[in-house]
Amino acid sequence: MTDTIFALSSGAPPAAIAVVRVSGRQALAVGTILAGELPEPRRAGLRRLVDRHGAALDDALVLAFPGPNTATGEDLLELHLHGGRAVVRAVLAALAEHPGLRAAEAGEFTRRALTNGRIDLAEAEGLADLLEAESELARRVALTAAEGGVSRAAGAWTRQLRMLSARLEAQIDFAA
């Protein structure tokens, strides 16, 4: 996972706002190229985005998240753009021009979060279910899984099984 990846993380344009995420070693550096000075970590700042040639792309809210305490466990950049098709297309094209950056594959942000220990498999599956949820019940169940509810329950069951196993071994070893 040496490439820095980017993708539209919000719904398909047109929309009022489009969120583009960039994750990897070059995320903050490319943010500086596009937006100039980045705002303080985890604080939004309004910046004019420009391409490599200095042409204006959009005025956007920019957020910088230094790793490893991010969703992916890597440096992360968020660009909150105007959600028009042309704006999104221009920003994605500008990102693609940078060496070492590439468009993310489907699910790659989640895979990096899993690989970097930011989420576990049950949370990753819960997130996938949340994105596919079409009913209120499905949304609630998926959200519980995505927030670690399944993992916490499995952890509690594991602790209980270990305790029961230890008691059983003690009874076998020290039977009267």
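We number each residue from 1, following the sequence as shown.
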Donor-acceptor under 3.5 Å (R159 side chain, G155 main chain): yes

Any F6 side-chain heavy atom under 4.5 Å of R21 side chain: no

Non-hydrogen side-chain atoms of P68 and D75 separated by less than 4.5 Å: no

Evaluation steps, side-chain contact (heavy atoms from CB on, under 4.5 Å), between V87 and R85: CA-CA 6 Å; V87 172; R85 288 182 183 99; over 6 Å; no

D120 side chain vs A122 backbone, donor-acceptor pair below 3.5 Å: yes

Whether R47 side chain and E37 backbone form a donor-acceptor pair below 3.5 Å: yes

Minimum side-chain heavy-atom gap L81-I17 below 4.5 Å: no

Heavy-atom closest contact (Q26 atom, G100 atom, distance): NE2-CA, 3.6 Å

Interatomic distance, T144 atom OG1 to D129 atom CG [nearest 0.5 angstrom]: 11.5 Å

Chi angles and distances behind the side-chain contact (heavy atoms from CB on, under 4.5 Å) call for E134, R139: CA-CA 7 Å; E134 293 190 21; R139 182 195 63 79; over 6 Å; no

Residue that, paired with V22, satisfies side-chain contact (heavy atoms from CB on, under 4.5 Å) out of L76, L95, L28: L95

Worked verdict on V62 versus L38 for side-chain contact (heavy atoms from CB on, under 4.5 Å): CA-CA 7 Å; V62 176; L38 295 177; 3.8 Å; yes

Heavy atoms of other groups near H82 NE2, more than 12 under 6.0 Å: no

E132 CD: over 12 foreign heavy atoms closer than 6.0 Å: no

Gap separating the CZ atom of F174 from the CD atom of E169, nearest 0.5 angstrom: 10.5 Å

Short N-O contact, E105 and R111, less than 4.0 angstrom: yes

Co-membership, hydrophobic cluster, residues I119 and L121, 4.5 Å side-chain: yes

Test side-chain contact (heavy atoms from CB on, under 4.5 Å) applied to L63 and R42, step by step: CA-CA 6 Å; L63 294 101; R42 294 175 165 67; over 6 Å; no

E74/R112 ion pair, N-O < 4.0 Å: yes

4.5 Å side-chain heavy-atom contact, F65 and P41: no

Over all atoms of both residues, closest heavy-atom pair of A145 and G126: CB-CA, 3.7 Å

same_hphob_cluster(V19, L79) at 4.5 Å side-chain heavy-atom cutoff: no

Minimum heavy-atom distance between P39 and A64, given as atom pair plus value: O-CB, 4.4 Å

Sidechain N-carboxylate O distance under 4.0 Å for R102, E108: yes

Taking every non-hydrogen atom, the tightest pair across G83 and P13: O-CB, 3.2 Å

Interatomic distance, L168 atom CG to L161 atom CG [nearest 0.5 angstrom]: 11.5 Å

Sole residue of I33, L34, L57 in side-chain contact (heavy atoms from CB on, under 4.5 Å) with D51: L57

R118 side chain near N69 side chain, heavy-atom distance below 4.5 Å: yes

Nearest-0.5 Å distance that lies between atom OG in S165 and atom CD in Q160: 13.5 Å

CD1 on I5 to CG on L101, rounded to 0.5 Å: 9.5 Å

L127 side, atom CG; E147 side, atom CD - distance, nearest 0.5 Å: 11.0 Å

